Protein chains: 2
Amino acid sequence: MRLVNKTRYAILGVLLDAPASGYEIKSLMGRSTAYFWRESDSTIYPVLKVLAKDGKVLSEIAYVGKKKKEVFSITEAGQAEFKAWFDSPTGDETPRNEFLLKLFFAINRDEVTRLFQERLEKLKKMCEEYKKIEERLESISDSPRRAIRLKALKYGIAHLESEIRWLNEEKNQ
Amino acid sequence: MRLVNKTRYAILGVLLDAPASGYEIKSLMGRSTAYFWRESDSTIYPVLKVLAKDGKVLSEIAYVGKKKKEVFSITEAGQAEFKAWFDSPTGDETPRNEFLLKLFFAINRDEVTRLFQERLEKLKKMCEEYKKIEERLESISDSPRRAIRLKALKYGIAHLESEIRWLNEEKNQ
DNA sequence: GTCTTCATGTAAGCCGTTACATGATTAA
DNA sequence: TTAATCATGTAACGGCTTACATGAAGAC
């Protein structure tokens, strides 16, 4: 079975809301999905080209003042592809948790303490970031999807907080 | 900065305990680290070759009955490399949570319900698998690392259970 | 005038997966 | 004798990251 490029779907999903340029998609994801789905800087543009070639998006040149940009909108074929992915069962990701791997190989309490400490700090930072995104989302005007998107974020936050609690309980034993 | 192949460290970590063949490493990981660190079938052997070439492991041909196998043991250089990785800060993995991505793009309650349901079933299965591994670990004779390894597993289980609770609470709203 | 942000890419190379291959031994 | 498990790989392909590149517009 062939691996599918899920960046495609992330991009199509963003375009369902409104047409956007590559740059806009990139920064939009940075401000919203970044903490559960991040693309590296340069992937968006080539994927957009492929999507255009496949007839899943249409491109149009737009001007903002004198600035030129290439704005993409999703086609019906693109919507169909998105829906097919959305409705298909979510694949297992190969588990790769470096923190747990290290914990598994730890041999004494000092090492465990250090790993826990490091993990705690990282999780707290992530938690703050999630909450910033949450605030931003809460401040924007109500849309049909806002409630669900908030839920996705709250899910992430609840998840992080439970992990933080567990680490705090365990580290003092 | 170059991406490092973390499979190296997983293998070196296993070999810290005792020498083993590629096949043994593979099945050992299948029975222990599988739920936070899985390697695909054919990666172990080539990585072992590279490790041998780099002087991080030594190989020796052993016979079990008439069966031949290549047993690898870790060298001092290998132990040093492992320790360097172990002590270095744990890198961020690029977040790629397909479930949250889909949730983010959901537009109505039915879709959310379906996603939650699917996720719940998957988590329950994983939880059972973790618990099987836990039982196996608990049944073996005490070793200096057993307690820590149990902790790594309990961490995973606690994590899953909190996620399951959250989903159950949310899905009835 | 210089810095930030907007805006868009290319190229090299590692990494990892899937599929493909092979063959021996042992238990039922 | 047939299936499962032990045992070890190769090849092709696609995916993704990093580093490298470029340049315009607007803010200060």
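In what follows, every heavy atom counts, from backbone to side chain, and hydrogens, waters and symmetry copies are set aside. None of these values were measured; they are calculated from a predicted model.
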Please enumerate all protein N or O atoms sitting under 3.5 Å from an N or O of nucleotides 21-28 of chain C, with distances to 0.1 Å.
none

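Taken from CG in Leu15(B) to CD1 in Ile25(B), the straight-line distance is 4.5 Å, to the nearest 0.5 Å. Interatomic distance, CG of Asp92(B) versus CD of Glu98(A), reported as 10.0 Å (0.5 Å rounding).
Other residues, nucleotides and ligands place no more than 12 heavy atoms under 6.0 Å from the CD atom of Glu60(A).
For Lys6(A) and dC16(D), the NZ to C1' distance is 14 Å, given to the nearest whole Å. Between Lys26(A) atom NZ and dA7(C) atom C1' there is a gap of 8 Å when expressed in whole angstrom units. The CD atom of Glu24(B) sits 13 Å away from the C1' atom of dT5(D) (whole-angstrom rounding). Straight-line distance from the CD1 atom of Ile25(A) to the C1' atom of dG9(C): 15 Å, rounded to whole Å. Rounded to an integer number of Å, the gap from NZ of Lys68(B) to P of dT5(D) is 24 Å. Separating the OH atom of Tyr63(A) from the P atom of dA25(D) is a distance of 11 Å, rounded to the nearest angstrom.
The list of ring-ring contact (aromatic ring centres under 6.0 Å, His included) pairs with a residue in residues 36-59 of chain A, not counting sequence neighbours, reads Phe36(A)-Phe104(B). Sorted by first then second residue, the salt bridge (charged side-chain N to carboxylate O under 4.0 Å, His left out) pairs that include residues 37-48 of chain B, not counting sequence neighbours, are Arg96(A)-Glu39(B). Applying the salt bridge (charged side-chain N to carboxylate O under 4.0 Å, His left out) test to residues at least two apart or on different chains, the pairs with a partner in residues 68-80 of chain A are Glu24(A)-Lys69(A), Lys49(A)-Glu70(A).
In terms of the side-chain hydrogen bond (donor to acceptor under 3.5 Å, both in side chains) criterion, residue partners of Lys154(B) (sequence neighbours excluded) are, by chain and number, Glu134(B). Phe105(A) pairs by the ring-ring contact (aromatic ring centres under 6.0 Å, His included) definition with Phe82(B), not counting sequence neighbours.
A close approach under 4.0 Å does occur between a side-chain nitrogen or oxygen of Tyr23(A) and OP1 or OP2 of dC6(C).
Tyr155(A) and Glu170(B) are not linked by any side-chain donor-acceptor pair at a separation below 3.5 angstrom, with hydrogens and angles left out of the test. In this model, a donor atom of one side chain and an acceptor atom of the other lie less than 3.5 Å apart for Thr90(A) and Lys102(B).
Contact check of residues 45-57 of chain A against DNA chain C (heavy atom, cut-off under 4.0 Å) returns Tyr45(A), Lys49(A). Near DNA chain D, meaning a heavy atom under 4.0 Å away, the residues from residues 86-98 of chain B are Thr94(B), Arg96(B). A heavy atom lying under 4.0 Å from DNA chain C marks the following residues of residues 28-44 of chain A, by number: Ser42(A).
Connectivity analysis of hydrophobic side chains (ILVMFWY, heavy atoms under 4.5 Å, direct or indirect) links Val50(B) to nothing; its cluster partners are none. The hydrophobic cluster containing Ile61(B) also includes Tyr63(B), under a criterion of side-chain heavy atoms closer than 4.5 Å among ILVMFWY residues, counted directly or through chains of members. Counting side-chain heavy-atom gaps under 4.5 Å among Ile, Leu, Val, Met, Phe, Trp and Tyr, Val64(A) is found in no cluster with other residues.
Electrostatic pairing of Glu81(B) and Arg8(B) counts as a salt bridge here, judged by a charged N lying under 4.0 Å from a carboxylate O.
Using a 4.0 Å heavy-atom distance criterion, Ser21(B) is classed as a sugar-phosphate-only contact.
Ranking dT8(C), dC15(C), dC6(D) by closeness to the Asn5(B) side chain, first place goes to dC15(C). Here the nucleotide nearest the side chain of Lys69(B), chosen from dG15(D), dT8(D), dT8(C), is dT8(D).
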